[in-house]
Each structure stands twice: as structure tokens, then as C-alpha cells.
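Since the structure comes first, as C-alpha cells, the remarks are kept for the end.
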Amino acid sequence: QQTTKQMKTVFVLLVAVVCHSAARYSADWTSLDGRPLPPWYDEAKLGIFIHWGVFSVPAFQSEWFWWHWQGQQPPDPKCVSFMTKNYPPGFSYPEFARHFHAEFFSPGEWADMFKASGAKYVVLTAKHHEGFTNWKSVNSWNWNSVDSGPHRDLVGELGEAVRNRSLHYGLYNSLYEWFHPLYLNDKKNGFRTQDFVKQKLLPELYNMVVRYRPELIWSDGDWEAPDSYWNSTEFLAWLYNDSPVKDTVVTNDRWGAGCACKHGGYYNCQDKYSPGQLPEHKWEKCTSVDTLSWGYRRNMRIMDLMDLPTIIEDLVSTVALGGNYLLNVGPTADGMIPAVFEERLRGVGAWLQVNGEAIYASKPWRVQMENTTVPVWKGKLRSPQGEGGVQRPLRFAPGVHGAAGRPCLSAKAFSGAKHRLCMMLNQSSSDTRSE
């Protein structure tokens with residue numbers, strides 16, 4: 001009888017697996033939002049974001065330089081002055097592409113750095129709002145990294161290196177393009193026409209997925225038009241049902257005006273978003289080491305950058321609230337990741353080598369934050385020596401459960417030390433005395 005029950009249980013599980021694998025999603029949000037998130041993403045916790053493109057050549061102000069210079073009205077006077085002082089009259093933004101050489105770009109070195117950071121996935125800009133693709137898109141003739149600039153398939157080269165180090169690979173793709181004539185014409189028509197979507201965006205997206213098989217699609221540039229204009233639900237239905245990455249791909253929530261924090265795979269909601277409390281839906285905080293830009297800036301200052309303790313605290317707070325942490329760096333036009341960014345990434349990796357069990361595959365604890373801290377293990381644990389050589393007890397505030405089901409606690413010395421650290425603590429009665 002026991003054997004029969006076990007066989008029935010196995011049969012039910014097999015049926016469930018078959019039904020799940022055979023599930024098809026229709027092109028509507030009710031169906032698409034019901035798709036389970038592939039488990040690799042929640043377990044990963046930490047990813048590296050890379051903003052790289054033609055905007056890395058002027059490297060002034062931010063990756064939005066072209067728009068601030070010639071798109072918005074009135075133009076940003078700082079951008080106008082920068083161009084007037086440094087470039088000849090009549091110089092156009094597309095001319096920057098020939099200076100996007102990437103001559104020092106070593107995908108293996110980048111991938112080694114990302115691996116050392118402790119990240120489990122990497123997301124590269126395949127195309128930003130300027131429309132330049134970092135791969136040979138037939139829909140972006142002469143405005144891509146193979147036909148001009150580096151004359152290299154940057155997306156493909158980095159993807160191969162990242163995957164060779166057992167990291168997941170994702171691609172950022174902007175839906176809209178600031179100055180594409182087809183998009184501007186659709187916009188002029190109140191988005192009642194879809195020439196840009198049908199002739200440029202969708203063919204390019206399908207091609208990108210089939211060619212590079214990204215396990216994450218980080219969509220952006222959606223906010224000017226509804227998802228019906230972008231044909232987002234049709235694309236996602238194909239992605240989840242028939243694409244070569246249908247079982248593993250993860251998507252975010254930027255698929256049309258009003259979709260953020262409402263529809264899609266996981267939620268970004270907005271740049272550098274933190275919910276403040278444990279949300280019901282899986283989310284991700286994307287943030288940048290350079291607090292003023294996602295792309296590289298030649299005039300960045302050390303005071304503009306997140307220091308390592310701030311990054312660690314931000315990572316722990318994000319994971320404690322059930323989120324993933326996507327940390328951005330901006331490479332230079334010649335293909336180097338600035339040393340200060342590398343130092344931050346390797347610092348995060350060193351911290352994770354000690355505390356990673358409290359981060360990877362962790363689940364939020366019943367309490368994510370407290371207004372006061374509670375001292376534990378009086379007489380056992382001590383902080384490093386403070387002023388006058390005095391050691392003080394450590395205070396702990398609950399954070400997340402580690403992969404082994406043990407609580408991860410954020411420790412802070414009574415003396416008010418700024419830095420926090422995440423520690424894995426055993427829950428045996430002999431080890432957990434508190435007052």
C-alpha cells in the first residue's frame with residue numbers, strides 16, 4: 001500500500017511537470033503575468049549592469065548626452081558649451097561612432113572581473129536610446145558595432161566569455177530610439193501607426209533573441225507609448241512559448257506606459273527603486289557605482305561614487321526585502337572598466353566570499369528591519385576595538401534567511417560604527433542567547 005501511494009505521488013509530480021512544460025501563454029497580461037519566474041534568477045541575487053555605447057565617446061554628463069544636446073528643448077547649455085569648446089562647428093553625434101574603438105576590450109578579463117565580484121548574471125546594453133546596436137543588426141545598418149566603431153560583435157564576444165565562466169547572460173534593449181525617423185513619425189501620428197515597431201523594433205528583437213539566446217531581457221524606453229503600440233504581449237507570448245530560451249528567460253516590467261510595477265516578469269518599477277517593505281512580487285534594484293550616470297563620464301569625481309560599505313549595505317537591504325541587486329559600471333570607449341569600478345566589484349566579491357551563504361538563494365525573514373537593535377550573545381561577540389581600545393558588544397538586526405535556513409543578521413557596534421556586516425549564525429540554543 002505504501003508503495004502504491006509513493007507511485008501515485010511520483011505520477012502526480014510527473015503530470016505536474018509535463019503540464020507546466022506544455023503550458024502555453026496567450027498574448028494578454030493575465031496569462032503572461034501568471035508565468036512562474038525561472039528559479040535561477042531569484043537564487044542569483046547579484047548581477048552586473050554594463051552601459052556601453054557611442055555615448056561612451058563624449059563621456060560627458062551621462063548616456064543621455066545626445067538627447068540633452070539636441071533632443072530636449074531648450075538644449076542643456078552645459079552640453080552645448082561642451083560641444084562648442086571641444087568639437088568643430090557642424091560636428092554631428094553619429095560622428096562619435098568612429099571614435100568608439102574598444103581597442104582594449106578583453107571580454108575574458110571583463111568576465112573574470114564579474115566572476116570575482118560574486119555576481120551570478122551580467123546584463124549588457126545591446127542597444128540604448130541612441131539606437132546604436134552593439135552587435136550586427138541588419139535593421140540598424142551602419143549604426144552598429146560591426147559596421148562602424150569597433151568593428152566587433154561586442155554582444156557576442158562578451159556573451160561567450162560570460163557563459164564560459166558559468167554566469168547567466170542578459171541583454172538590455174531600448175524599445176524607443178530618440179531620433180529614428182520611423183519612430184518620430186509614429187509618435188507624430190499619436191502612435192496609431194506602427195511602422196517603427198514592425199520594420200525596426202520587433203525584427204531586431206526576434207533576431208537578437210534567436211542569435212544570442214539571452215536568459216534575461218532588460219527592456220527600457222517604453223514610457224512614451226502603450227504596450228499595444230510596442231506589441232509587447234505578442235512578443236512576450238512568443239518569448240515564453242516558442243523562443244530558444246522559453247524555459248529560462250527572465251524579463252522585467254518595462255513594456256509600455258503604465259506597465260512598470262504592474263506587468264512583466266520581475267519588477268524594476270523605476271531606476272534605483274527600493275520598496276521600503278517586503279513586496280509580494282519579485283523585484284530588482286538597479287543602481288550605479290557612479291551615482292550621476294549609468295554610462296562612463298570623463299569628469300566623474302570620487303565623491304560621485306558609491307563607496308564599498310554603501311554598496312554592501314544597499315545589497316543586504318535589497319536582498320532582505322526579497323530583491324535582486326543589479327550594480328552598474330560604465331566602461332570607457334576604448335574598452336576599459338575604470339580601476340575604481342573594478343575595485344568596487346572585487347570588494348563586493350571579497351565580502352561575498354565570507355558572507356555569500358547569507359545572500360545567494362536566501363529568502364526574506366519574518367522581520368526585514370527594526371527601528372531598534374537587540375543585543376545578543378552578550379560576552380561572546382565583540383566589535384573591533386574602538387576609541388581608547390575599548391571593545392563594545394555587537395548589536396544585531398534581522399535580515400534574511402540564508403540558503404541553509406539560518407538567519408542572516410546585520411551587525412552594528414554599540415559605538416555607532418557606520419559599517420554593517422552580514423553574518424550567518426547557528427540557531428542552536430547554546431549559541432543564541434539574547435537579552
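- Ion pairing of Asp186 with Lys200 is absent here, as no side-chain N (NZ or NE/NH1/NH2) approaches a carboxylate O to less than 4.0 Å.
- Tyr229 meets the ring pair (Phe, Tyr, Trp, His ring centres under 6.0 Å) test with Phe191; sequence neighbours excluded.
- In this structure a side-chain-to-backbone donor-acceptor pair under 3.5 Å is present from Asp222 to Gly256.
- Ring-centre distance between Tyr183 and Tyr176: below the 6.0 Å cut-off.
- Donor-acceptor pairing under 3.5 Å is recorded for the side chains of Asp307 and Thr310.
- Smallest separation of non-hydrogen atoms from Lys272 and Thr291: NZ-O, 3.0 Å.
- Aromatic ring centroids of Trp223 and Trp255 lie 6.0 Å or more apart.
- Gln270 places no side-chain N or O within donor-acceptor distance of the main-chain N or O of Ala260, the cut-off being under 3.5 Å.
- Ring centroids of Trp52 and Tyr296 are separated by 6.0 Å or more, keeping the two rings apart.
- In the model, Glu95 has a side-chain atom that pairs as donor or acceptor with a side-chain atom of Ser92 under 3.5 Å.
- Using a 4.5 Å heavy-atom threshold, the side chains of Asn355 and Ile359 count as separate.
- Ring geometry for Tyr87 against Phe91 counts as tilted: the plane angle lies between 30° and 60°, on a 0 to 90° scale.
- For the atom pair CZ of Arg152 and CG of Asn144, the computed distance is 14.5 Å after rounding to the nearest 0.5 Å.
- For the side chain to side chain donor-acceptor pair (under 3.5 Å) condition, the pairs that include at least one residue of residues 327-340, sequence neighbours left out, are His51-Asn328, Ser288-Asn328, Thr332-Asp334.
- From Leu171, atom CG reaches atom OG1 of Thr133 across 11.5 Å, with rounding to the nearest 0.5 Å.
- Note: Tyr212 and Trp135 meet the aromatic proximity criterion, with ring centroids under 6.0 Å apart.
- At distances below 3.5 Å, at least one donor-acceptor pair connects side-chain atoms of Arg344 with backbone N or O atoms of Met306.
- Looking only at side-chain heavy atoms (C-beta outward), Thr287 and Tyr273 stay at 4.5 Å or farther from each other.
- Judged purely by atom type and a 3.5 angstrom limit, Tyr25 has no side-chain atom pairing as donor or acceptor with the backbone of Asp33.
- Inter-residue side-chain proximity for Lys78 and Gln61 is flagged as met; some heavy-atom pair is nearer than 4.5 Å.
- Using a 4.0 Å cut-off between charged side-chain N and carboxylate O, Lys136 and Asp147 make a salt bridge.
- Using a 4.5 Å heavy-atom cutoff, the side chains of Leu315 and Lys285 are not in contact.
- Remark: side-chain polar atoms of Asp304 are paired, donor with acceptor, to backbone N or O of Arg301 under 3.5 angstrom.
- Side chains of Asn252 and Glu284: no donor on one and acceptor on the other come within 3.5 Å.
- In terms of heavy-atom proximity, Ser31 sits nearest to Ser26 at OG-N, 3.0 Å.
- When only modelled atom types and interatomic distance are considered, Gln70 and Trp66 share a side-chain donor-acceptor pair under 3.5 Å.
- Within the model, atoms CD1 of Ile50 and CD1 of Ile337 stand 6.0 Å from one another, a figure rounded to the nearest 0.5 Å.
- Rounding to the nearest 0.5 Å gives a distance of 6.0 Å between CG of Leu175 and OG of Ser232.
- In this structure, Phe82 has its ring center no closer than 6.0 Å to that of Trp69.
- Crowding of Glu103 atom CD: a count of heavy atoms from other residues, nucleotides or ligands under 6.0 Å exceeding 12.
- Distance check: Asn324 CG to Leu46 CG gives 8.5 Å after rounding to the nearest 0.5 Å.
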Exercise. Would you check, one step at a time, whether the test salt bridge (Lys or Arg N to Asp or Glu O under 4.0 Å) holds for Asp42 with Lys282?
Key: CA-CA 8 Å; Asp42 181 56; Lys282 181 63 184 180; 2.7 Å; yes

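- Between Ser117 atom OG and Asp112 atom CG the span is 11.0 Å, to the nearest 0.5 Å.
- Contact check for Val123 versus Leu326: side-chain heavy atoms found under the 4.5 Å cut-off.
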Exercise. For the pair Arg297 and Phe60, evaluate side chain to side chain contact (heavy atoms under 4.5 Å, CB included) and give the outcome as yes or no after the intermediate values.
Key: CA-CA 5 Å; Arg297 292 185 304 130; Phe60 180 76; over 6 Å; no

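- Note on ring orientation: taking the six-membered ring where Trp is involved, the planes of Trp64 and Trp67 are perpendicular (angle over 60°, cut-offs 30° and 60°).
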Quiz item: Given Asp242 and Lys246, is the side chain to side chain contact (heavy atoms under 4.5 Å, CB included) satisfied, shown in steps?
Solution: CA-CA 6 Å; Asp242 303 309; Lys246 60 186 177 66; 5.7 Å; no

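- With sequence neighbours left out, Tyr267 forms a ring pair (Phe, Tyr, Trp, His ring centres under 6.0 Å) with His281.
- Aromatic ring centres of Phe105 and Trp110: separated by under 6.0 Å.
- A donor-acceptor pair under 3.5 Å is absent between the side-chain atoms of Glu43 and the main chain of Ala361, judged by distance alone.
- A donor-acceptor pair under 3.5 Å is formed between the side chain of Arg298 and the backbone N or O of Pro58.
- For the pair Lys45 and Tyr325, the cation does not sit on the ring face, since its NZ or CZ is not both under 6.0 Å from the ring centre and inside 45° of the axis.
- Residues passing the disulfide bond (SG atoms under 2.5 Å apart) test with Cys269, sequence neighbours excluded: Cys261.
- With Tyr240 as the aromatic partner, Arg35 meets the cation-pi criteria of under 6.0 angstrom to the ring centre and within 45 degrees of the ring axis.
- Considering all non-hydrogen atoms of both residues, Pro338 and Pro331 come closest at CD-CA, 4.3 Å.
- Under the side-chain hydrogen bond (donor to acceptor under 3.5 Å, both in side chains) criterion, Lys115 pairs with no residue, sequence neighbours left out.
- In this structure, the side chain of Thr84 engages the main chain of Val80 through a donor-acceptor pair within 3.5 Å.
- With a 4.5 Å cut-off on side-chain heavy atoms, Trp283 and Thr318 count as touching.
- Annotation: side chain of Met208 is not in contact with side chain of Ser137 (no heavy-atom distance under 4.5 Å).
- Applying the ring pair (Phe, Tyr, Trp, His ring centres under 6.0 Å) test to Phe341 and every residue at least two apart in sequence or in another chain returns nothing.
- The aromatic rings of Tyr172 and His129 sit tilted relative to each other, their planes meeting at an angle between 30° and 60°.
- Side-chain contact check for Trp29 versus Cys259: some heavy-atom pair is nearer than 4.5 Å.
- The shortest heavy-atom contact between Pro244 and Val210 is CG-CA, 4.1 Å.
- Ring centroid separation for the pair Tyr206 and Phe235 comes in under the 6.0 Å cut-off.
- Remark: the backbone N or O of Asp76 is not paired with any side-chain donor or acceptor of His68 at under 3.5 angstrom.
- With Ser243 contributing its side chain and Val245 its backbone, the two residues share a donor-acceptor pair below 3.5 Å.
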Practice problem: Would you sort out whether Tyr266 and Tyr41 count as a ring-ring contact (aromatic ring centres under 6.0 Å, His included), showing the intermediate values? | Solution: CA-CA 9 Å; Tyr266 64 86; Tyr41 178 76; 4.5 Å; yes

